[in-house]
Amino acid sequence: MAKNSNQIGWYYNENNCIACRACEAGCKQEFDLPIGVRRRRVIIKEEGKYPNVKVRYISSACNHCEEPACLKACPVGAYTKESEFGAVLHNQGKCIGCKKCMAACPYGAPQFDEKKKKVDKCSLCYHRLKEGLPPACVRTCPGYALWHGKMSDIESGKACPDVYKRPLKDKLPGFADPKLTIPSVKFSENK
């Protein structure tokens, strides 16, 4: 249970992801992001050995952790954790481009904008949440693999319709230990 009862998080259902990257495109379009900066990205992982191989698609972004490592690592206070939705926000105006947040984040969420020489990261579409709209990545996912909601609703199964529900997990294979930062994300693993 999240400390902040308003904490918004992600629910990622691996069974429904087809690696179409619509979530990435929706985010890039929403923020007019430059080449190389991907606030949300689909990671394609191959596992096993022939003939027992498996391909996994994992849509990943900032997990708006309860104890964000990026915030703790930033030497100039460019990060804040706001209370309305629990979003971890980054102020590029304060950022000095030292990349300490990138080294600290166990999920690889902060991205470096080579043109601006500053870090960029997911804002949970804070501006859209304020308008009662879903994050751009959730809006554009055609397979309903990605959902958002209050963490309490995600954990109780109220965040999405029954047809998309699967047993929840705190992590997928290769995901960093959730005890490190308490990420606001739950998963359903592809079987």
Side-chain angles (χ1 to χ4, degrees), residues 4 6-12 17 19-45 57-142 145-149 151 172 174-178 180-185:
N4 177 351
N6 296 322
Q7 179 68 53
I8 300 291
W10 310 111
Y11 166 54
Y12 175 66
C17 183
C20 69
R21 299 180 190 267
C23 55
E24 289 183 17
C27 178
K28 285 186 91 64
Q29 184 175 10
E30 182 75 18
F31 293 97
D32 195 23
L33 296 174
I35 293 171
V37 175
R38 297 188 311 167
R39 291 182 179 182
R40 177 163 288 282
R41 62 199 177 284
V42 175
I43 299 165
I44 299 175
K45 297 178 103 176
Y57 309 128
I58 302 169
S59 178
S60 180
C62 174
N63 295 309
H64 302 279
C65 303
E66 281 191 37
E67 297 177 18
C70 56
L71 186 147
K72 293 175 184 171
C74 181
V76 294
Y79 283 90
T80 55
K81 180 153 179 76
E82 61 83 31
S83 61
E84 186 175 4
F85 304 113
V88 176
L89 302 176
H90 179 254
N91 182 338
Q92 271 196 341
K94 290 184 176 179
C95 181
I96 58 173
C98 69
K99 302 182 184 178
K100 289 184 178 178
C101 56
M102 294 173 68
C105 176
Y107 314 108
Q111 303 280 297
F112 193 71
D113 184 333
E114 290 292 340
K115 191 172 181 181
K116 293 180 181 176
K117 302 294 182 199
K118 295 182 182 247
V119 168
D120 194 297
K121 71 170 276 302
C122 166
S123 65
L124 196 60
C125 279
Y126 181 77
H127 64 291
R128 292 181 58 86
L129 294 177
K130 295 278 282 180
E131 299 293 324
L133 299 170
C137 54
V138 172
R139 183 199 62 201
T140 55
C141 178
L146 192 60
W147 296 82
H148 81 292
M151 284 307 292
L172 293 176
F175 193 76
D177 185 346
L180 295 172
T181 62
I182 312 172
S184 301
V185 62

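One is the number of the first residue; the rest follow in order along the sequence.
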Side-chain contact, heavy-atom cut-off 4.5 Å: K45 with Y57? no

Sidechain-backbone polar pair: R38 side chain, E24 backbone, donor-acceptor under 3.5 Å: no

For a 4.5 angstrom cut-off between non-hydrogen side-chain atoms, does P75 reach I96? yes

Whether over 12 other heavy atoms sit under 6.0 Å from K115 NZ: no

Please report the closest heavy-atom contact between C125 and A136, naming both atoms and the distance. SG-N, 3.3 Å

According to ring pair (Phe, Tyr, Trp, His ring centres under 6.0 Å), does anything in residues 118-139 pair up with another residue at least two apart or in another chain? List the pairs. F31-H127, F85-Y126

Do S123 and L89 have side chains that approach each other closer than 4.5 Å (heavy atoms only, starting at C-beta)? yes

For L146 versus V138, what's the shortest heavy-atom pair and its separation? O-CG1, 3.6 Å

Side chains of M102 and V119, heavy atoms from C-beta outward: is any pair under 4.5 Å? yes

How far does NZ of K117 sit from SG of C98, to the nearest 0.5 angstrom? 14.5 Å

Distance, nearest 0.5 Å, that separates OG of S59 from CZ of R21: 10.0 Å

Gap between atom SG of C137 and atom CZ of R41 - 0.5 Å precision: 12.0 Å

Note: P106 and A69 closest approach over all heavy atoms is CD-CB, 4.4 Å

How many angstroms lie between atom CD of Q111 and atom SG of C122, to the nearest 0.5 angstrom? 11.0 Å

At their closest point, which heavy atom of K118 faces which heavy atom of Q92, and how far apart are they? NZ-O, 3.1 Å

Go through L33 and C27 one step at a time and tell me if the side-chain contact (heavy atoms from CB on, under 4.5 Å) criterion holds. CA-CA 8 Å; L33 296 174; C27 178; 4.0 Å; yes

Please check this pair: side chain of K121 against backbone of C70, looking for a donor-acceptor N/O pair closer than 3.5 Å. no

If only atom types and distance count, is the side chain of N4 paired as donor or acceptor with the main-chain N or O of S83 below 3.5 Å? yes

What residues form a side-chain contact (heavy atoms from CB on, under 4.5 Å) with K94, not counting sequence neighbours? A78, N91

Provide the closest heavy-atom pair for C62 versus W10 in the form atom of the first, atom of the second, distance. O-NE1, 2.9 Å

Compare all side-chain heavy atoms of F175 with those of S60 and state whether any distance is below 4.5 angstrom. no

Would you call V185 and Y107 a side-chain contact if the rule is heavy atoms closer than 4.5 Å? no

Contact summary for H64 and G86, nearest pair of heavy atoms: CB-O, 3.8 Å

Could you check whether any side-chain heavy atom of N63 comes within less than 4.5 Å of a side-chain heavy atom of T181, counting everything from C-beta outward? no

For the backbone of V37 and the side chain of K28, can you confirm whether one donor and one acceptor N or O come within less than 3.5 Å of each other? yes

From I35 atom CD1 to D113 atom CG, the distance as rounded to the nearest 0.5 Å: 11.0 Å

Any donor-acceptor N/O pair, E82 side chain to A87 backbone, under 3.5 Å: yes

What is the distance from atom CG of L129 to atom CG of N6, rounded to the nearest 0.5 Å? 11.5 Å

Sub-4.5 Å side-chain heavy-atom contact between Y79 and K81: no

